[in-house]
Amino acid sequence: MEIKIRECLPEDRSAFEQCTFELQEDEKARQPHIWKDVGEVKDVYFEYVTKTAAESEGKVFVGEVDGKVVGYIIVITNEDESPTLLLKKY
């Protein structure tokens, strides 16, 4: 089994959307009052995430197992001059 983490590419969009679909379906089943239907977000989320990451000098990475995308992570940088503000977020 080969496991790889790499930067997300435009051609990963379909796999990214499938991962988003699966995550949203699971979350919606547990918390239906919070989550929208997957169809409402799946088609726009990829653009939103890649744009937000690029604007914040962040990156989007995908995880692969044997060449198949099985997940993703979004890294967004945020500069905050006040450590107390940062702590309040968590």
Side-chain angles (χ1 to χ4, degrees):
M1 176 176 12
E2 182 183 6
I3 299 172
K4 186 188 303 188
I5 296 174
R6 62 172 175 76
E7 194 168 339
C8 184
L9 303 171
E11 53 265 27
D12 294 321
R13 180 183 181 129
S14 178
F16 180 97
E17 289 177 346
Q18 183 60 36
C19 290
T20 301
F21 174 80
E22 291 174 16
L23 175 64
Q24 290 285 91
E25 284 293 298
D26 183 62
E27 291 291 331
K28 187 175 180 191
R30 287 190 268 153
Q31 299 176 352
H33 59 286
I34 296 175
W35 297 93
K36 294 185 175 207
D37 285 334
V38 171
E40 293 179 46
V41 293
K42 180 176 77 98
D43 296 333
V44 296
Y45 193 57
F46 185 80
E47 272 97 18
Y48 169 76
V49 165
T50 53
K51 179 182 175 201
T52 302
E55 289 173 351
S56 73
E57 298 180 25
K59 299 259 185 209
V60 180
F61 297 94
V62 294
E64 289 182 338
V65 175
D66 294 332
K68 180 182 178 195
V69 173
V70 295
Y72 60 84
I73 186 166
I74 305 152
V75 179
I76 297 174
T77 59
N78 182 9
E79 290 187 30
D80 192 336
E81 296 181 21
S82 171
T84 57
L85 291 176
L86 184 61
L87 291 174
K88 287 180 184 178
K89 293 179 185 178
Y90 302 99

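Position 1 is the first residue of the sequence; numbering continues from there. On a predicted model such as this, the values are computed, not experimentally measured, just so you know.
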Trainee: Look at the side-chain heavy atoms of Ile, Leu, Val, Met, Phe, Trp and Tyr, link any pair under 4.5 Å apart, and say whether L9 and Y45 land in one connected group.
Mentor: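 Shared cluster, no.
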
Trainee: Could you tell me the separation between the OH atom of Y72 and the SG atom of C8, rounded to the nearest 0.5 Å?
Mentor: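 Going from the OH atom of Y72 to the SG atom of C8 covers 9.5 Å.
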
Trainee: Do any pairs count as a salt bridge (charged side-chain N to carboxylate O under 4.0 Å, His left out) and have a residue in residues 56-66, sequence neighbours left out, and if so which ones?
Mentor: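 As it turns out, the salt bridge (charged side-chain N to carboxylate O under 4.0 Å, His left out) pairs with a partner in residues 56-66, which skip direct neighbours, are R6-E64, E7-K59.
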
Trainee: Show every donor-acceptor pair shorter than 3.5 Å between a side-chain atom in residues 47-54 and any protein atom, with sequence neighbours excluded, or say none if there are none.
Mentor:
{"unit_1": "E47", "atom_1": "OE1", "unit_2": "R13", "atom_2": "NH2", "d": "3.3"}
{"unit_1": "E47", "atom_1": "OE2", "unit_2": "R13", "atom_2": "NH1", "d": "2.3"}
{"unit_1": "E47", "atom_1": "OE2", "unit_2": "R13", "atom_2": "NH2", "d": "3.3"}
{"unit_1": "T50", "atom_1": "OG1", "unit_2": "F46", "atom_2": "O", "d": "2.8"}
{"unit_1": "T50", "atom_1": "OG1", "unit_2": "E47", "atom_2": "O", "d": "3.3"}
{"unit_1": "T52", "atom_1": "OG1", "unit_2": "Y48", "atom_2": "O", "d": "2.8"}

Trainee: So, using side chain to side chain contact (heavy atoms under 4.5 Å, CB included) as the criterion, who are the partners of V75 when residues are at least two apart?
Mentor: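 For V75 the side chain to side chain contact (heavy atoms under 4.5 Å, CB included) partners, ignoring immediate neighbours, are F61.
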
Trainee: Are there more than 12 heavy atoms of other residues, nucleotides or ligands under 6.0 Å from atom CD1 of I74?
Mentor: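 Yes, enclosed.
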
Trainee: Are V62 and I3 in one and the same hydrophobic cluster, where Ile, Leu, Val, Met, Phe, Trp and Tyr link if side-chain heavy atoms are under 4.5 Å apart?
Mentor: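 No, separate clusters.
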
Trainee: Can you give me the closest heavy-atom contact between G71 and C19, atom names plus distance?
Mentor: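 Minimum heavy-atom contact is N-SG, 3.6 Å.
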
Trainee: Remaining members of L23's ILVMFWY cluster at a side-chain heavy-atom cut-off under 4.5 Å?
Mentor: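 Besides L23, the cluster holds no residue at all.
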
